[in-house]
Amino acid sequence: MTLVVPAAPYDFELDPATTALIIIDMQRDFLEPGGFGSLLGNDVSLLQRTIAPLQDVLAAARAAGMTVIHTREGHRPDLTDAPPAKLARGNLSCGIGDPGPFGRILVRGEHGHDIIDDLAPIDGEAVLDKPGKGAFYATDLELMLRNRGIARLIVTGVTTEVCVHTTVREGNDRGFECLVLSDCVGSYFPEFHEVGLKMIAAQGGIFGWVAPSTALLEQLAATTTTTGAHR
Ligand code: TIU
């Protein structure tokens, strides 16, 4: 089954059976007021507006039987997987591994490191812990995708120009075709968000495709309706 999603720079064709929804780093420490992100002076409402559309996309992907993979940026409690350069970056008084408002910052097992309740994973959905910005670096994401015959990725989450962009670039170089949903990704910096999306679709789709979530939802809804009619 091929769905045709109107997108920039041109239509993105996908089969739900060979497409994965990747939800990047929708973690409390990045999204919730009072968490690590807001502690650094960021306006988390810019990220929170991705939640509602992403809930709709997640529900539609589940209904269509698509592979769903959630990622979390963070480290082992002993920080052995955190490069010293990453730990030192920013000269932060409260940085990775330090006690923060929601537990130790970006440390696995801590409350702030986990995914927000609104997008909680369910059984059968992989939760991928990653030490870097990209979801492919030092993880088994590529192995999981190849084992399932996945060829295309719907990429969502935060932040547009950091972990989303890095993941799209990594995926594109590995031969995966990536569609980024413009309202399901967010940045603390509106201008980086806008330009980040343009950079993906520019030059004939140099890294991938960009479309609003409604463009995908309309196609997935048609599928579910059709499937239901055959039951
Ligand atoms: N997930 C992700 O994007 N991690 C970041 O550190 N993003 C920032 O924008 N800082």
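As the structure lists them, so they are numbered: ligands from 1, and atoms in each ligand from 1.
By the 4.0 Å N-to-carboxylate-O rule, Arg152 lies too far from Asp15 to be salt-bridged with it.
In this structure a side-chain-to-backbone donor-acceptor pair under 3.5 Å is present from Thr156 to Ile22.
For Asp183, the salt bridge (charged side-chain N to carboxylate O under 4.0 Å, His left out) test picks out no residue, with sequence neighbours left out.
Listed by chain and residue number, the protein contacts of ligand 1 are Asp25, Phe30, Glu73, Lys133, Val158, Thr159, Val162, Cys163 (heavy atom within 4.0 angstrom).
Between Val155 and Val185 the shortest side-chain heavy-atom distance does not fall below 4.5 Å. A 4.5 Å side-chain heavy-atom check between Lys130 and Tyr137 finds every atom pair outside the cut-off.
His193 and Ser187 are not linked by any side-chain donor-acceptor pair at a separation below 3.5 angstrom, with hydrogens and angles left out of the test.
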